[in-house]
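Reviewing the structure listed below.
So that the names make sense, note that chain A is the first sequence line, chain B the second, and so on, each numbered from 1.
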Number of protein chains: 2
Amino acid sequence: MKISEAAAQSGLSIDTIRFYERAGLLPRVERGQDGHRVFSPRDLRWLRMFERLRATHMPLKVIQTYVELSRNPDSNEERRAILEAHRLELDHQQAQINACRALLDEKIRHYDSLTTDHNGRMQKTIQRPNHPQTADHQ
Amino acid sequence: MKISEAAAQSGLSIDTIRFYERAGLLPRVERGQDGHRVFSPRDLRWLRMFERLRATHMPLKVIQTYVELSRNPDSNEERRAILEAHRLELDHQQAQINACRALLDEKIRHYDSLTTDHNGRMQKTIQRPNHPQTADHQ
DNA sequence: TAGAGGGGTGGAGTTACTCAAGGTCAAGTC
DNA sequence: GACTTGACCTTGAGTAACTCCACCCCTCTA
């Protein structure tokens, strides 16, 4: 499998895959006799995993640690711990999203209230009273 | 309000606040006669908003655009559109988190299955059979 | 008066990409 | 057979958003 396919199937960009290889996340990728990378199904499984972990902001260093650990079959505890820690991190991100969504909902409701009258019909806001609470609404 | 308080109350670091000011997100922060920044309640509201938007990865440029728009009272549509777009982005992040959580749950279950027998008791894994499916589990 | 604590500036360092320049090679076209 | 095209290669520079550091100023307390 060549790099363009690996990119398409993993959701990563070609540049990112090359970058990950240089960073040592994906050790010893095979090369064809033309010098092109040849990705194995196992490489692809790693890439897909990287994509999910990075999409949720696990640092590359941690991923690297995980990859190195997985060369040692006695490292199940440590690898499990890394994943479990990241699961907690996901909870945290979840909370951030919820908080931000609350903010957005509130602001958007506010903007709606400026252009819609109370029967739900749109209203051209030609005159705008200088109401201090709304005049400088962020 | 001085910068340390603004940091404590906004959840941003002192360095980040200074960086945002330099970037033009927080224009004309007042200064005391000692040259120290003096943050108004309005500044703090902005900082809190920045914190939430950044925690969910809205680019600084977009935030900057929003801030600039909010100096023009006729920009409600545009500002609303920015927030709405980010609300969609939150859905996307939500999906990423869910996908990653599924991955983590599966992997962690796998690790559990390696150290726990089927009655739920822990088992010291002294001998490890060379099972190809599990031996190279990522 | 010495030192600690909090603020200021400018600039370098970090993370994780992302892009551009220039080079090789195989396949298809004239 | 020359040529173009397209996919790949490497190297190195650029970017976003911080983060850290060195060094300076001021004020307050021991």
Protein within reach of the bases, or only the backbone? For nucleotides 8-14 of chain C, mark each nucleotide 5' to 3' as B, S or -, using heavy atoms under 4.0 Å. SB-----
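Side-chain contact between A:I17 and A:F50 is absent, with no heavy-atom pair separated by less than 4.5 Å. Inter-residue side-chain proximity for B:Y111 and A:L83 is flagged as met; some heavy-atom pair is nearer than 4.5 Å.
The interatomic distance linking A:I17 (CD1) with D:dA7 (P) rounds to 15 Å, in whole Å. Atom NZ in B:K2 sits about 11 Å away from atom P in D:dC28, given to the nearest Å. At whole-Å resolution of the value, CZ in A:F19 and P in D:dT10 are 15 Å apart. Rounded to an integer number of Å, the gap from A:E5 CD to D:dC8 P is 8 Å. Rounded to a whole Å, the CE atom of B:M1 is 16 Å from the P atom of C:dG6. For B:Q33 and D:dC25, the CD to P distance is 19 Å, given to the nearest whole Å. Atom-to-atom, CE of A:M58 to C1' of C:dT15 comes out at 16 Å; the value is rounded to the nearest Å. The separation between B:Q64 atom CD and D:dC18 atom P is 13 Å, rounded to whole Å.
Across C:dA16, C:dT18, D:dC8, the shortest atom-to-atom separation from the side chain of A:L60 is found for C:dA16. Closest to the A:R54 side chain, of the nucleotides C:dG6, C:dA16, D:dC18, is C:dA16.
Here B:T16 reaches the OP1 or OP2 of D:dT19: one of its side-chain N or O atoms lies under 4.0 Å away. An OP1 or OP2 oxygen of D:dC18 is reached within less than 4.0 angstrom by no side-chain nitrogen or oxygen of B:S13.
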List, one per line, each side-chain donor-acceptor pair under 3.5 Å for residues 54-65 of chain A, sequence neighbours excluded.
{"from": "A:R54", "atom 1": "NH1", "to": "A:M58", "atom 2": "O", "distance (Å)": "2.6"}
{"from": "A:T56", "atom 1": "OG1", "to": "A:R52", "atom 2": "O", "distance (Å)": "3.1"}
{"from": "A:T56", "atom 1": "OG1", "to": "A:L53", "atom 2": "O", "distance (Å)": "3.0"}
{"from": "A:T56", "atom 1": "OG1", "to": "A:H86", "atom 2": "NE2", "distance (Å)": "2.8"}
{"from": "A:Q64", "atom 1": "NE2", "to": "A:E68", "atom 2": "OE2", "distance (Å)": "2.9"}
{"from": "A:T65", "atom 1": "OG1", "to": "A:K61", "atom 2": "O", "distance (Å)": "2.9"}

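Residue A:R31 places its CZ atom among more than 12 non-hydrogen atoms of other residues, nucleotides or ligands, all under 6.0 Å distant.
Among the atoms of the strands shown, only primed sugar atoms or phosphate atoms (P, OP1, OP2) are found under 4.0 Å from some heavy atom of A:Y20.
Put simply, OG on B:S4 and NE2 on B:H36 are 10.5 Å apart, with the number rounded to the nearest 0.5 Å.
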Residue pair A:R87, B:D105: steps toward the side chain to side chain contact (heavy atoms under 4.5 Å, CB included) verdict: CA-CA 8 Å; A:R87 203 158 51 169; B:D105 287 350; 2.6 Å; yes
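Applying the side chain to side chain donor-acceptor pair (under 3.5 Å) rule to B:T16 yields the partners B:S13; only residues at least two apart in sequence or on another chain are considered.
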